[in-house]
Chemist: 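Sharing a structure, written as structure tokens. Questions coming.
Every heavy atom of this structure was used, including side-chain atoms; hydrogens, water molecules and symmetry mates were not. Quick note on labels: first sequence line is chain A, next is B, and so on, each numbered from 1.
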Amino acid sequence: MLSVEARLQLLEDRAEIADLLASYGPIVDSGDGQRLAEIWATDGVYVVGDEFQFDSDQVTSLTELPGHQQYLSAGCGHVLSPPKITIDGDTAVAINYSMVLVKQGELWVADRLSANRWELQRTATGWRVSLRKNHLLDGNAAARELLAGR
Amino acid sequence: MLSVEARLQLLEDRAEIADLLASYGPIVDSGDGQRLAEIWATDGVYVVGDEFQFDSDQVTSLTELPGHQQYLSAGCGHVLSPPKITIDGDTAVAINYSMVLVKQGELWVADRLSANRWELQRTATGWRVSLRKNHLLDGNAAARELLAGR
Amino acid sequence: MLSVEARLQLLEDRAEIADLLASYGPIVDSGDGQRLAEIWATDGVYVVGDEFQFDSDQVTSLTELPGHQQYLSAGCGHVLSPPKITIDGDTAVAINYSMVLVKQGELWVADRLSANRWELQRTATGWRVSLRKNHLLDGNAAARELLAGR
């Protein structure tokens, strides 16, 4: 049986991780590359599909990419689903979906739908992402395998 | 270091606020204007874009608007994303996205995608919304600024 | 006033239920019928609209249905919204939305949007679903009544 202190800590960890992930969309959709990079640990990595890999200092520039600027000027939302969070001491894993909704004519369309695996670590400044893996749900096995992980 | 009591209270506040926001969609999509207004504090305000402002007693009638009745008869869901919640004593701020999905032919389309800032206050009957600001993510800076807030 | 122990237990129950629901999408979208059935209690039931009812041992085969296999090969996400959770001792109710997003051409479209009522019970192996009721938000009163429930 865990102590009251340990049980509180686990619940607070969960709340902090949920908040960190809930901050992702608002930060990326307000175009703030500096705050975006701060979601990652200093040695953290963002792997997008099989094509792209960014270190945490490269994440800063993601909001400057032409594709992202087009999203911002059209009107977009990076909407994440509630994550399944598993905490193990100073590391954690969160699994969820992310959608990129973009204005097209009078409606918003889903330009991307991805499976996400977030690996997190407790750092001196709080929980940060050590690895985010993201795969488009386009029928390929890679995304399904990512969702099957624990 | 906070006391056990204070840490529990913070976690319970967070849970109550998350539940309050999670009740918004089901209440508005079941067309219950009375329960909808009860999400707001008695002096609470709902500001929609730069165009409309409703006091909490006007919120009661939002479900009666022709546009909302059309949504209900077509089939709709006001789907909110997990909020980022920041609590400071008896006030709190939550930031999230809201989508209005409406049935059109055989599919559901996103008729609205908005950024939301919810300002909340602890009242005698629990946490209530003092101010909800909502901006369409249509490429205008107002929605991005709302998402950039803390 | 609840004891510290009781307050912790409620918060842990809530976290476990949120995680159980957050595991639904990843399990169904990775096509794992066995783990899918384990979300339900052994005597649990899944009622889809007015048409279909599945016992927990029939849930195992849902991922094998031709319609679901088509979803998986096209690329799909069963995306759930944050639930409103009400716990009463060893039972609980969660209300939320579920969307099925499917790849169609270059975009993902919402093939289903449903209201969900999850009734849960505490079992020897943790919280499990005793009843999931799901109604398409197609304008019929049944889905609105489901959302109006508490």
Chemist: Please determine whether side chain to side chain contact (heavy atoms under 4.5 Å, CB included) holds for the pair A/V4 and C/E5, giving the CA-CA distance in whole Å, both sets of side-chain angles, and the decisive distance to 0.1 Å.
Modeler: CA-CA 8 Å; A/V4 166; C/E5 168 60 31; 5.8 Å; no

Chemist: Determine whether C/M99 and A/M99 satisfy the following criterion, side chain to side chain contact (heavy atoms under 4.5 Å, CB included), listing intermediate values before the conclusion.
Modeler: CA-CA 12 Å; C/M99 299 179 270; A/M99 299 178 271; 4.0 Å; yes

Chemist: Over all heavy atoms of both residues, which pair between A/P82 and C/S81 is shortest? Give the atoms and the distance, please.
Modeler: CG-C, 3.9 Å

Chemist: Taking the side chain from C/D19 and the backbone from A/I85, do they hold a donor-acceptor pair closer than 3.5 Å?
Modeler: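 Side chain of C/D19 to backbone of A/I85: a pair is present.
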
Chemist: In terms of heavy-atom pairs under 4.5 Å, which option from A/G139, A/A115, A/G149 contacts chain C the most?
Modeler: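 Most pairs with chain C among the choices: A/G139.
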
Chemist: Please answer whether the main-chain N or O of A/L137 pairs with a side-chain N or O of C/W108 as donor and acceptor at a distance below 3.5 Å.
Modeler: yes

Chemist: Mind checking which of residues 46-76 of chain A sit less than 4.5 Å from chain C, heavy atom to heavy atom?
Modeler: none

Chemist: Got a second to check how far A/R144's CZ is from C/S30's OG, nearest 0.5 Å?
Modeler: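 Answer for the CZ-OG pair, A/R144 versus C/S30, is 9.0 Å.
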
Chemist: Test your reading of the model: is there a side-chain donor-acceptor pair from C/R35 to the backbone of A/A148, 3.5 Å cut-off?
Modeler: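 Judged by distance alone, yes, a pair lies under 3.5 Å.
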
Chemist: Got a donor-acceptor contact below 3.5 angstrom from the A/Y97 side chain to the C/L80 backbone?
Modeler: no

Chemist: Please look at A/R7 and chain C and tell me whether the side chain, the backbone, both or neither of the residue comes under 4.5 angstrom of a heavy atom of that chain.
Modeler: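 Its backbone and side chain both get close to chain C.
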
Chemist: Just jot down the side-chain hydrogen bond (donor to acceptor under 3.5 Å, both in side chains) partners of C/D13, sequence neighbours excluded, or say none.
Modeler: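 C/Q9, C/R122, C/W127.
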
Chemist: Quick check on A/L11 against chain C: is it the side chain, the backbone, both or neither that has a heavy atom closer than 4.5 Å?
Modeler: side chain

Chemist: Between C/D29 and chain A, which part of the residue has a heavy atom less than 4.5 Å away: side chain, backbone, both or neither?
Modeler: both

Chemist: For the residue pair C/L107 and A/Q104, establish whether any side-chain heavy-atom pair is separated by less than 4.5 Å.
Modeler: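 Yes. Closest side-chain heavy atoms under 4.5 Å.
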
Chemist: Which distance, rounded to the nearest 0.5 Å, do you find between the CG of A/L10 and the CD of C/E12?
Modeler: 8.0 Å

Chemist: What residue in C/L8, C/L21, C/I27 has the most heavy-atom pairs under 4.5 Å with chain A?
Modeler: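 Heavy-atom pair counts peak at C/L8.
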
Chemist: For C/K103, look at atom NZ and say whether over 12 heavy atoms of other residues, nucleotides or ligands are found less than 6.0 Å away.
Modeler: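 Yes, the 6.0 Å shell around NZ holds more than 12 heavy atoms from other groups.
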
